[in-house]
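Position 1 is the first residue of the sequence, and the numbers go up from there.
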Amino acid sequence: MMTKNVGGIDRILRIVIGALLILGYFIGGDGAYSWLYLLGIIPLATGLIGWCPPYAILGINTCKMK
């Protein structure tokens with residue numbers, strides 16, 4: 001089940017870092033490894049969704065308990 005396991009500062013950092021990496025792809029040069037900036041889609045998506053598959057596998061949860 002996809003219960004939220006990313007929260008707080010972790011979620012904000014994922015969104016910011018992911019957005020910056022994607023922005024770097026569009027404003028950066030045409031280097032040989034510029035496609036690596038597109039890996040920013042992963043932290044951006046996990047931050048927006050609030051669920052991280054590796055966290056689920058490892059049993060990590062950064063959400064506050066209610």
Side-chain angles (χ1 to χ4, degrees):
M1 193 57 130
M2 287 181 43
T3 59
K4 292 190 183 274
N5 61 5
V6 177
I9 297 294
D10 188 13
R11 192 170 188 178
I12 293 168
L13 286 175
R14 286 172 185 256
I15 293 170
V16 170
I17 291 170
L20 288 174
L21 284 171
I22 293 169
L23 182 64
Y25 173 77
F26 289 108
I27 64 174
D30 291 330
Y33 296 103
S34 64
W35 60 271
L36 287 173
Y37 285 117
L38 292 178
L39 291 176
I41 293 170
I42 297 168
L44 180 64
T46 59
L48 291 174
I49 294 170
W51 183 73
C52 178
Y55 273 18
I57 292 169
L58 297 172
I60 300 171
N61 188 347
T62 59
C63 286
K64 290 183 178 181
M65 296 297 207
K66 290 184 180 181

Could you tell me which residues satisfy side chain to side chain contact (heavy atoms under 4.5 Å, CB included) with Ala56, sequence neighbours excluded, listed by chain and number? Asn5, Trp51

Taking the hydrophobic residues Ile, Leu, Val, Met, Phe, Trp and Tyr, and joining any pair whose side-chain heavy atoms are under 4.5 Å apart, which ones share a cluster with Leu23? Ile27

Can you list everything that forms a side chain to side chain contact (heavy atoms under 4.5 Å, CB included) with Ile22? Sequence neighbours excluded, please. Phe26, Ile41, Leu44

Would you check if the side chain of Lys4 reaches a backbone N or O of Thr62 as a donor-acceptor pair within less than 3.5 Å? no

Taking only residues two or more places apart in sequence, or in another chain, which ones meet Arg14 in a side chain to side chain contact (heavy atoms under 4.5 Å, CB included)? Val6, Asp10, Pro43, Thr46, Cys52, Tyr55

Is there a path from Ile17 to Leu48 through hydrophobic residues (I, L, V, M, F, W, Y) whose side chains come within less than 4.5 Å of each other? yes

Would the number of heavy atoms belonging to other residues, nucleotides or ligands and lying under 6.0 Å from CG of Leu58 be above 12? yes

Residues joined to Tyr33 in its hydrophobic cluster, side chain to side chain under 4.5 Å directly or through other members, sorted by chain and number, are Trp35, Leu36, Leu39, Ile42

By the rule that ILVMFWY residues connect when side-chain heavy atoms come within less than 4.5 angstrom, directly or transitively, which residues belong alongside Ile12? Val16, Leu20

